[in-house]
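Within every chain, numbering begins at 1; the chains are lettered A, B, ... in the order of the sequence lines, protein sequences first and strands thereafter. Keep in mind that what you see is a predicted model, and the values were worked out from it rather than measured.
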Protein chains: 2
Amino acid sequence: MVRQTKENAEITRQRIIDAARKVFLSRGVSRTSMEQIAAEARVTRGAVYWHFSNKTELFGALREQVILPLIDRMDDSLLIENNDDPIGQIGKFLSATIDALNDSSDTRQTFEIMMVKCEYVDDLSVVLEQTLSNCERITKKIEQLYERAKTKGQLKTIDSPAILSMDTHLFFSGLIHLWVKDLDHKHYRNQAKDLINNHINLRRK
Amino acid sequence: MVRQTKENAEITRQRIIDAARKVFLSRGVSRTSMEQIAAEARVTRGAVYWHFSNKTELFGALREQVILPLIDRMDDSLLIENNDDPIGQIGKFLSATIDALNDSSDTRQTFEIMMVKCEYVDDLSVVLEQTLSNCERITKKIEQLYERAKTKGQLKTIDSPAILSMDTHLFFSGLIHLWVKDLDHKHYRNQAKDLINNHINLRRK
DNA sequence: TTGTTTACATACAAAGTTGTATGTATATTA
DNA sequence: TAATATACATACAACTTTGTATGTAAACAA
């Protein structure tokens with residue numbers, strides 16, 4: 001059989017993405033060849049090149065499958081107009097992201113690839129910029145929530161919402177990094193929620 | 001001239017390391033060939049292979065030149081038995097690391113390579129483990145400092161020193177990451193000290 | 001039912017990369 | 001001062017990887 005149904009073609013495409021994720025994770029993005037991905041997906045390089053024009057495009061598809069839903073989820077949990085407890089809302093947003101990592105191994109693996117199995121140079125450097133600008137968006141939304149908390153007199157500290165949101169972003173960034181790298185669940189994966197609560201409660205009056 | 005003096009040989013070795021740092025930074029570790037490094041250092045691959053058996057060893061030398069002094073410096077600043085102000089000592093340690101990044105472009109570039117231009121697979125995965133275990137050491141020392149601060153009644157919160165030190169480590173880890181990636185100095189590089197002070201003061205009674 | 005497009009597989013050419021083997025002139029040593 | 005080890009440069013063989021070009025049988029459209 002040479003030509004597949006549209007449905008089967010889509011399945012093949014997804015098999016290639018899954019194979020790429022697996023091989024990227026074990027061998028790193030740069031050291032992975034299209035041949036290795038094809039072999040893992042039990043197709044030939046012909047199939048891979050038909051669906052994706054090169055490795056960068058394949059990496060992009062792999063990433064978007066995980067990142068786009070996650071961004072939507074983040075936006076949702078940050079946009080809720082829960083005027084009662086803006087600080088708690090920040091905490092819920094952080095927890096929701098950890099939940100997303102806990103719930104989906106694809107998400108975990110993709111994060112691990114993006115953080116320690118990938119070099120952000122040439123065509124991939126734009127991916128890093130996207131990630132950073134997305135972080136900026138989140139930081140600004142968190143700043144608004146801290147602003148609301150301040151006007152409601154819920155903050156313990158006198159720090160500006162800008163500084164507080166940067167601090168929370170630093171905490172969050174560090175947490176995601178350490179969480180992903182904590183493969184044996186010894187240090188951060190099992191304490192993530194406690195650490196989030198601690199971080200939040202330090203700011204609550 | 002074919003054979004150089006010992007002194008000149010050492011200069012050549014350093015030139016190769018410097019060249020590798022430059023090329024790693026612009027093209028990523030995996031995509032960099034020995035030939036490219038040699039060209040940048042204005043020697044041939046023969047010289048590179050004479051000084052380093054392969055790219056991993058070269059990367060290791062490049063890393064150690066920056067990391068080992070930094071670890072020493074960290075240990076020094078954390079080991080001072082300054083019983084008066086353990087919390088301030090933590091802050092000073094964090095600031096000292098930022099200073100090290102500000103003071104040395106080699107350090108900055110090496111950090112950038114290790115964080116976004118490098119894939120931790122195969123022989124390099126041990127480097128990531130070393131980094132993580134070093135982080136663990138630092139976290140434990142910070143925990144001891146928080147312990148001392150607690151017994152001296154200097155802490156504002158009721159959180160355990162263990163949680164506090166993990167939180168500080170998360171903050172620190174996030175700060176280093178964002179600092180290094182903040183190439184245009186727009187967000188974190190110029191506010192690092194403020195963020196550190198804020199982090200510390202949140203904990204001080 | 002026939003033509004056309006699709007979804008791949010196969011084949012090929014070109015270039016890059018690695019490690020090593022060998023050459024060689026000069027430091028260094030004894 | 002002769003022998004040897006050093007600090008490279010040059011040359012070579014083997015392998016990998018890439019993109020594309022071509023082949024092909026089946027799905028789909030008309």
*Look at the side chain of A/N201 and the backbone N and O of A/N197, then say whether any donor-acceptor pair between them is shorter than 3.5 Å.*
yes

*Round to the nearest Å and state the distance from A/I16 atom CD1 to C/dA7 atom C1'.*
10 Å

*Kindly check if the number of other-residue, nucleotide or ligand heavy atoms within 6.0 Å of CZ (A/R42) is above 12?*
no

*Just compare D/dA7, D/dG19, C/dC8 and give me whichever is closest to any side-chain atom of A/N54.*
D/dG19

*Residue A/T5, side-chain atoms from C-beta onward, closest of D/dC28, D/dC8, C/dG19*: D/dC28

*Examine C/dC8: is either OP1 or OP2 under 4.0 Å from a nitrogen or oxygen in the side chain of A/H51? Give yes or no.*
yes

*NA contact type, B/T12, heavy-atom cut-off 4.0 Å: base, sugar-phosphate, or nothing?*
sugar-phosphate

*Could you check A/E10 against B/E7 and say which one's nearest nucleotide on DNA chain C is further toward the 5' end?*
A/E10

*asked:* Using the side-chain heavy atoms of B/W50, tell me which of these nucleotides is nearest: C/dT28, C/dA7, D/dT6.
replied: D/dT6

*Determine whether the side chains of A/Y146 and A/S160 contain a donor N or O and an acceptor N or O closer than 3.5 Å.*
no

*For A/R13 and C/dT6, what is the distance between atoms CZ and P respectively, to the nearest whole Å?*
16 Å

*asked:* Hydrogens and angles aside, do B/N134 and B/Q130 bring a side-chain donor and acceptor to less than 3.5 Å of each other?
replied: no

_Could you check whether the side chain of A/R3 and the base of D/dT24 have a donor-acceptor pair of N or O atoms closer than 3.5 Å, going by distance alone?_
no

_Under the salt bridge (Lys or Arg N to Asp or Glu O under 4.0 Å) test against B/E40, which residue among B/K22, B/R21, B/R27 passes?_
B/K22

_Generate the contact string for nucleotides 12-18 of chain C. Rules: B means base contact, S means sugar-phosphate contact only, - means no protein heavy atom under 4.0 Å._
-----SB

*Mind calculating the distance between CD (B/E57) and C1' (C/dG19) to the nearest angstrom?*
14 Å

_Euclidean distance, atom CZ of residue B/F52 to atom C1' of D/dA7 [Å, nearest integer]_ = 13 Å

*Quickly work out the B/R42 CZ to D/dA9 P distance and round it to whole Å.*
12 Å

*asked:* Using whole Å, what does the distance between atom P of nucleotide D/dC8 and atom CZ of B/R15 come to?
replied: 9 Å

*D/dT18 P sits how many Å from A/D122 CG, rounded?*
14 Å

_Distance alone, cut at 3.5 Å: any donor-acceptor contact between the side chains of B/H177 and B/Y188?_
no

_Rounded to whole Å, please give me the gap between CD1 in B/I11 and C1' in D/dA7._
13 Å

*Indicate the ring-plane relationship of A/F171 and A/H199, choosing parallel, tilted or perpendicular according to the 30° and 60° boundaries.*
parallel

